[in-house]
Amino acid sequence: VQLQASGGGLVQTGGSLRLSCEASRSLSRFNVMGWYRQAPGKQREMVATISSGGRTNYVDSVKGRFTISGDNAKNTIYLQMNSLEPEDTAVYYCYGQLWTNYWGQGTQVTVSS
């Protein structure tokens, strides 16, 4: 199982980015998919998850700003990030849970003040 993440970059405060994560398997095979992030000197934290039933979950700090979604036809999940803040700067990792956990490579998101 491979997860290919893309879409990171440099953006100013208040800007938007959309991260994509293409899976090598159908999204319906995953129990949960989502995004985690890790900032320098900090532990990796869950940002947003989406279950096979479509239930979403967000860390409090991104609620109302980030939206996770999936496109079954493209085997891809997305993380739409709006109103970005410098505190959102981190490496973002795509995650998928089957019988074990799978991680994509990280994609850097940098928000300048």
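The heavy-atom pair separating Ala90 from Ala39 by the smallest distance is CB-N, 3.8 Å. The heavy-atom pair separating Cys94 from Ile77 by the smallest distance is SG-CD1, 4.2 Å. Here the closest heavy-atom approach between residue Leu3 and residue Tyr102 is recorded as CD1-O, 3.5 Å. Of all non-hydrogen atoms in Asn31 and Leu98, the two that sit nearest each other are ND2-O, 3.2 Å. A pairwise comparison of heavy atoms in Leu17 and Leu84 identifies N-CD1, 3.8 Å as the closest pair.
For Ser112, the side chain to side chain contact (heavy atoms under 4.5 Å, CB included) partners at least two apart in sequence or on another chain are Leu10, Gln12. In this view, Ser16 and Asn82 satisfy the side chain to side chain donor-acceptor pair (under 3.5 Å) rule, not counting sequence neighbours.
Considering only heavy atoms from C-beta on, Asn57 comes within 4.5 Å of Met46 through its side chain. With contacts defined as side-chain heavy-atom distances shorter than 4.5 Å, the pair Ile50/Ser69 does not qualify. Residues Thr67 and Tyr58 meet the side-chain proximity criterion, which asks for heavy atoms closer than 4.5 Å. Side-chain contact between Thr49 and Trp35 is absent, with no heavy atoms from C-beta onward closer than 4.5 Å.
A side-chain N or O of Thr110 and one of Gln108 form a donor-acceptor pair less than 3.5 Å apart.
Between the Gln4 side chain and the Ala23 main chain, no donor and acceptor come within less than 3.5 Å of each other. With hydrogens and angles ignored, the 3.5 Å screen pairs a side-chain donor or acceptor of Thr89 with a backbone N or O of Val111. Of the possible polar contacts, none joining the Ser28 side chain to the Ser26 backbone as a donor-acceptor pair under 3.5 Å is found.
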Residues Gln38, Tyr92; criterion side-chain contact (heavy atoms from CB on, under 4.5 Å); working and verdict: CA-CA 7 Å; Gln38 188 166 19; Tyr92 284 70; over 6 Å; no

Step by step, work out the side-chain contact (heavy atoms from CB on, under 4.5 Å) result for Phe66 and Asp88. CA-CA 11 Å; Phe66 291 11; Asp88 296 317; 3.9 Å; yes

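Taking the centre and axis of the six-membered ring of Tyr93, the NZ or CZ atom of Arg37 falls outside the cone set by 45° and 6.0 Å.
Two rings, from Tyr36 and Trp103, have their centers less than 6.0 Å apart.
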